[in-house]
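Worksheet for the structure shown next.
For the single chain, residues carry numbers from 1 onward in sequence order.
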Amino acid sequence: YGYNRSYFDNPQDFNRVNLVGKYTKRIGDNRLFSITANAFRSSWSASGQIPERAVTEGIIDRFGELDHEGGKTSRYQLNLQYTQSLSKNATFKTNLYAGYYDFSLYSDFTFFLIDPIHGDEIHQAESRIYAGYNASYSLRHKIGKLEAKTEIGIGFRNDDTYNSELSHTENTVFLNSIRLGDIHETNPFAYAQESVHLLPQLVATLGTRYDYFIQTYDNKIPTTEELPKATYNNGVFSPKAGLYYNFGKTGRVYANYGIGFHSNDARDIYFRPESGGEVLPLEFALDLGVVIKPVPSLLIQFAVFNMTLQQEYTYSGDAGDVPSLNGKTRRMGVDFSGRYALTKWMYLDADLNYTHARYVDKPEGQNYVELAPSFTSIGGITIKPFKDFSAGLRYRLMADRPANTENTVIAPGYNVIDFTANYSRPRYELGFQIQNLTNTKWNEAAVDTETRLKNETAPVDELCFTPGTPFFMKLSATWKF
């Protein structure tokens, strides 16, 4: 159980209950069975995202609210797993799961933009029953004199979502429906993969996966021009290939290429049937990298990547809009990771990522991908002077990024530093944290949104944000039995 008042002016009153249980049984020498059950339930209040002018004009402070929000959600799941070694080189795995999920959220992102009398509060809700199965078979064998591994698998997942709702409300009182319907989706799939040691140090991997989607949307508030139900079926292959070469234990170079897809909101088939095959736009990805360990205490990774997406969707579930087809995008960038042990008890690490994200078919200067990160980094220093104690300073950095395609609205970046210390014994653990050590003002979420406040005569398009955690100290104690 957890409770959090949080740092907002009005209590968040976040309540959470988690229950999990797992039973594992070895059946003979080569079979293993396990069953896992978990339950989760939470409820909360929220201050929501607020426009910058509400703070600069003194209407509220940075941690205030303009319209109270809140919600609740729960999830219950049962999972069965069975693994069997068929021989020294062959393994069979199977997994069966089922669950129930529900969700209810009241929120307000535009205030009095749409309805100047009652306001723009909305209610989003749904309940979902889902179930799935997957099985895989792997075999280590030889192709001539070459070591190889084959893996094949099949499975499916079925989701039945009932009363997927978007309604206009005022102080949680229902005013009118915007969207209401049931969503049914079944996704059978199969895959195969082959890895071959062409040389003792050179390994090639080739594989593909096939997904088939059966999607149905049952509209519960049809107009005279709309059918009550729409169904769409589509399938897609996702091939991939990889190659890596090991330089003993000191380095590796690799290349990976793959094709994936973006599975879209099933309601798209109903409200925009002309989208057709673009419901599953493809993504093409390539990355080339190297891993080097020049000395035992230093590990360096470097990679360059390129990703092209056939269709970049922008989806506004808060407005009930089906996704906008914004066009083709490309992301190119570099990744760098470093791990260094200064001494036996002091460690440094850092991950850095730079990405150049643009729309392909839009004019220069109007082709920025909204909120796509440009530069991010995480890292820190950790000390472990003796067995039971550890402490560290960690940072996370996000550079400024465009909030619209013209880059005229900027989502500001941040650099947040945290401190942690832990003392662990076999039966208990004590912890101390300082979150946001330097009390940096940072935004956890930032979106370019058109809004109108209650006494304004015209809407304003500007950045709306949710403030991030301020300076905060936390003590924790764990007892194990």
Side-chain angles (χ1 to χ4, degrees), residues 4-14 44-71 105-114 119-124 312 314-319 321 324 326 353 355 357 368-378 395-418 435-456 458-472:
N4 187 5
R5 183 204 179 280
S6 195
Y7 49 85
F8 295 93
D9 292 348
N10 292 319
Q12 189 178 29
D13 289 335
F14 178 68
W44 65 92
S45 297
S47 296
Q49 66 183 42
I50 55 177
E52 288 185 325
R53 67 186 184 280
V55 178
T56 57
E57 294 174 8
I59 300 173
I60 57 174
D61 70 17
R62 181 174 171 79
F63 300 103
E65 70 177 26
L66 292 173
D67 190 6
H68 187 71
E69 301 182 358
L105 174 67
Y106 291 91
S107 53
D108 188 349
F109 299 97
T110 53
F111 308 109
F112 291 90
L113 176 69
I114 302 170
D120 300 345
E121 182 185 84
I122 57 173
H123 179 223
Q124 294 166 288
E312 186 86 21
T314 299
Y315 177 64
S316 178
D318 309 316
D321 295 336
S324 301
N326 290 332
N353 172 276
T355 305
Y368 293 87
V369 179
E370 306 93 319
L371 297 179
S374 57
F375 179 76
T376 60
S377 180
I378 60 172
Y395 76 87
R396 57 188 188 276
L397 183 149
M398 170 83 75
D400 292 351
R401 58 203 189 280
N404 60 9
T405 56
E406 295 82 17
N407 199 26
T408 55
V409 180
I410 303 297
Y414 55 82
N415 184 19
V416 179
I417 299 174
D418 301 327
Q435 298 178 3
N436 195 356
L437 184 65
T438 58
N439 201 26
T440 298
K441 290 184 178 180
W442 65 287
N443 297 335
E444 195 162 27
V447 184
D448 180 24
T449 309
E450 188 178 41
T451 61
R452 182 167 61 180
L453 305 183
K454 189 168 186 177
N455 297 320
E456 291 178 333
V460 177
D461 190 348
E462 67 171 352
L463 199 73
C464 294
F465 69 93
T466 300
T469 309
F471 178 89
F472 179 74

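The minimum heavy-atom distance between Ala399 and Leu397, with the atom names listed, is N-CD2, 4.0 Å. Taking each heavy atom of Arg62 and Phe465 in turn, the nearest pair found is NH1-CE1, 3.6 Å. The two residues Phe112 and Leu453 make their nearest non-hydrogen contact at CD1-C, 4.1 Å. Among all heavy-atom pairs drawn from Thr355 and Asn353, the shortest one is OG1-OD1, 2.9 Å. Pro470 and Tyr7 make their closest contact through CD-CG, 3.4 Å (heavy atoms, listed as atom of the first residue, atom of the second, distance).
Looking at Glu69, its side chain never comes within 3.5 Å of a backbone N or O of Leu105 through a donor-acceptor pair. A donor-acceptor contact shorter than 3.5 Å is absent between the side chain of Gln49 and the backbone of Ala445. Remark: side-chain polar atoms of Asn436 are paired, donor with acceptor, to backbone N or O of Thr469 under 3.5 angstrom. A donor-acceptor pair is defined here as one N or O able to donate and one able to accept, closer than 3.5 Å; such a pair exists between the side chain of Asp120 and the backbone of Leu113.
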Between Thr451 and Cys464, does the side chain to side chain contact (heavy atoms under 4.5 Å, CB included) criterion hold? Intermediate values first, please. CA-CA 9 Å; Thr451 61; Cys464 294; 3.8 Å; yes

Less than 3.5 Å apart, which donor and acceptor atoms pair up between the side chains of residues 368-376 and the rest of the protein, not counting sequence neighbours?
from	atom 1	to	atom 2	distance (Å)
Glu370	OE1	Tyr359	OH	2.8
Ser374	OG	Asp400	O	3.2

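Using bins of under 30°, 30° to 60° and over 60° for the plane-to-plane angle, the ring pair Phe63/Phe8 lands in the perpendicular bin.
From Ile50, atom CD1 reaches atom CG of Asp61 across 7.5 Å, with rounding to the nearest 0.5 Å. A distance of 4.5 Å separates CG in Leu463 from CD in Glu52, rounded to the nearest 0.5 Å.
Residues Thr438 and Thr440 bring a donor and an acceptor atom of their side chains to less than 3.5 Å of each other.
Partners of Ser47 under the side chain to side chain donor-acceptor pair (under 3.5 Å) rule, at least two apart in sequence or in another chain, are Glu65.
Between Asp418 and Arg396 there is a salt bridge, since a side-chain N of the basic residue sits under 4.0 Å from a carboxylate O of the acidic one.
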